[in-house]
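Note sheet for the following structure.
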Amino acid sequence: MENTPAYLSTRKKTQDLIITSMLIALIFVSTAFLNFRLPIAANGGLVHMGTAMLFIASILFGPKKGALAGAIGMGLFDIIGGWVLWTPITIAARGLQGYIVGKIAWFHNRKGNSVAFNLTATIVSVPFMIAVYYTGESILYGNWITPLASIPGDIVQSVLGVLIALPICVALKRVSYFK
């Protein structure tokens, strides 16, 4: 970037900031307003479309934007939605999940263009997200049994996220901006 004019560098940074901010907002809104509770546990079982949006952000824009958008968007939901105690856990779980999805989807400069890699990315990210939530919840509740009740909801949410995100990504990849 030595030969790049300063105004182009500044423009790129501004564009990155705007895109990341929009992704954060989309994940927050998808988490806050497109959700329902499963009747499986007192604290677990919130299923929301933020996961689908996290997958879309990570596949379309890569690991950094996906990690930031997932961590901040869902972390804001925890703060505003009354789940403040969960905020650090969510930031870690969803930041890691967004990074993993983006890293695999963009592996070897694929830039989210391989449906097989995108599917693999989403599937590989789920155990990591569940592990972070399980560990965090175990610390919150002081035992390793109670958090098991949250795992089915995490799985349902992840499966719905994959089923929604992958077709949307295929469609969006046809748009000239993402080619």
Side-chain angles (χ1 to χ4, degrees), residues 1-34 47-79 87-133 136 154-155 157-179:
M1 282 223 321
E2 289 178 20
N3 296 331
T4 304
Y7 73 91
L8 288 179
S9 177
T10 303
R11 184 175 184 192
K12 174 75 171 127
K13 288 178 185 177
T14 303
Q15 184 179 21
D16 283 347
L17 179 63
I18 291 168
I19 289 170
T20 304
S21 299
M22 288 174 48
L23 293 172
I24 290 167
L26 287 169
I27 289 173
F28 170 77
V29 168
S30 298
T31 305
F33 299 111
L34 301 175
V47 176
H48 54 76
M49 294 302 108
T51 301
M53 190 56 67
L54 167 65
F55 291 157
I56 293 167
S58 299
I59 290 168
L60 294 179
F61 294 98
K64 291 178 186 175
K65 285 182 180 73
L68 282 170
I72 297 169
M74 289 192 210
L76 282 172
F77 167 75
D78 282 354
I79 292 169
T87 305
I89 300 164
T90 295
I91 288 170
R94 298 311 186 140
L96 178 63
Q97 187 172 33
Y99 184 80
I100 290 169
V101 171
K103 197 69 174 171
I104 294 172
W106 282 53
F107 187 68
H108 283 299
N109 207 27
R110 279 190 175 77
K111 297 185 179 179
N113 291 319
S114 167
V115 174
F117 268 80
N118 296 346
L119 176 61
T120 301
T122 57
I123 292 170
V124 166
S125 75
V126 172
F128 289 95
M129 179 269 296
I130 290 173
V132 173
Y133 273 119
D154 291 339
I155 293 170
Q157 181 170 278
S158 298
V159 169
L160 284 173
V162 171
L163 293 175
I164 292 167
L166 291 183
I168 290 173
C169 287
V170 168
L172 287 173
K173 282 294 186 175
R174 294 183 180 136
V175 175
S176 62
Y177 181 85
F178 295 109
K179 286 184 181 182

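All values below were derived from every heavy atom in this structure, side-chain atoms included, with hydrogens, water molecules and symmetry-related copies excluded. Treat the numbers as computed from the prediction; the structure is a model and nothing was measured.
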Would you tabulate the side-chain donor-acceptor contacts of residues 57-72 under 3.5 Å, counting partners in other chains and residues two or more places apart, or write 'none'?
unit_1 : atom_1 : unit_2 : atom_2 : d
S58    : OG     : L54    : O      : 3.0
S58    : OG     : G98    : O      : 3.1
K65    : NZ     : D16    : OD1    : 3.1

Side chains of T122 and V126 in contact at under 4.5 Å (non-hydrogen atoms):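 When only atoms from C-beta onward are counted, V126 and T122 do not touch, as no gap falls below 4.5 Å.
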
Flag side-chain contact, heavy atom, 4.5 Å: V124 against I100: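 With C-beta onward as the side chain, the pair touches.
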
Measuring from [X]:[atom1] to [Y]:[atom2], what's the distance to the nearest 0.5 Å?
| X | Y | atom1 | atom2 | answer |
| --- | --- | --- | --- | --- |
| L96 | K103 | CG | NZ | 13.0 Å |
| L34 | T51 | CG | OG1 | 11.5 Å |
| S114 | H108 | OG | NE2 | 12.0 Å |
| D78 | R94 | CG | CZ | 9.5 Å |
| S9 | K13 | OG | NZ | 4.5 Å |

Search all heavy atoms of [X] against all heavy atoms of [Y] and return the closest pair with its distance.
| X | Y | result |
| --- | --- | --- |
| A165 | F55 | CB-CB, 3.6 Å |
| I27 | M74 | CG2-CG, 3.7 Å |
| G75 | I91 | CA-CG1, 4.2 Å |
| I164 | M49 | CD1-SD, 3.2 Å |

Mutual orientation of the aromatic rings belonging to H48 and F77 [parallel < 30°, tilted 30-60°, perpendicular > 60°]: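 Ring orientation, 0 to 90° scale: tilted.
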
Test item: N113 side-chain N/O and R110 main-chain N/O as donor-acceptor pair under 3.5 Å: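 Yes, N113 side chain to R110 backbone: donor-acceptor pair under 3.5 Å.
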
Backbone N/O of L17 and side chain of T20: donor-acceptor pair under 3.5 Å: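 No, because the side chain of T20 does not come within donor-acceptor range (under 3.5 Å) of the backbone of L17.
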
Salt bridge (Lys or Arg N to Asp or Glu O under 4.0 Å) pairs, two or more places apart, involving residues 121-130: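 Output for this query is empty, none listed.
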
Pair S125, Y99: side-chain N/O donor-acceptor within cut-off below 3.5 Å: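 No, Y99 and S125 have no side-chain donor paired with an acceptor closer than 3.5 Å.
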
Over 12 foreign heavy atoms within 6.0 Å of CZ, F128: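 Not more than 12 within 6.0 Å, no.
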
Results of side-chain contact (heavy atoms from CB on, under 4.5 Å) for S176 - residues two or more places apart only: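 For S176 there are no side-chain contact (heavy atoms from CB on, under 4.5 Å) partners, ignoring immediate neighbours.
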
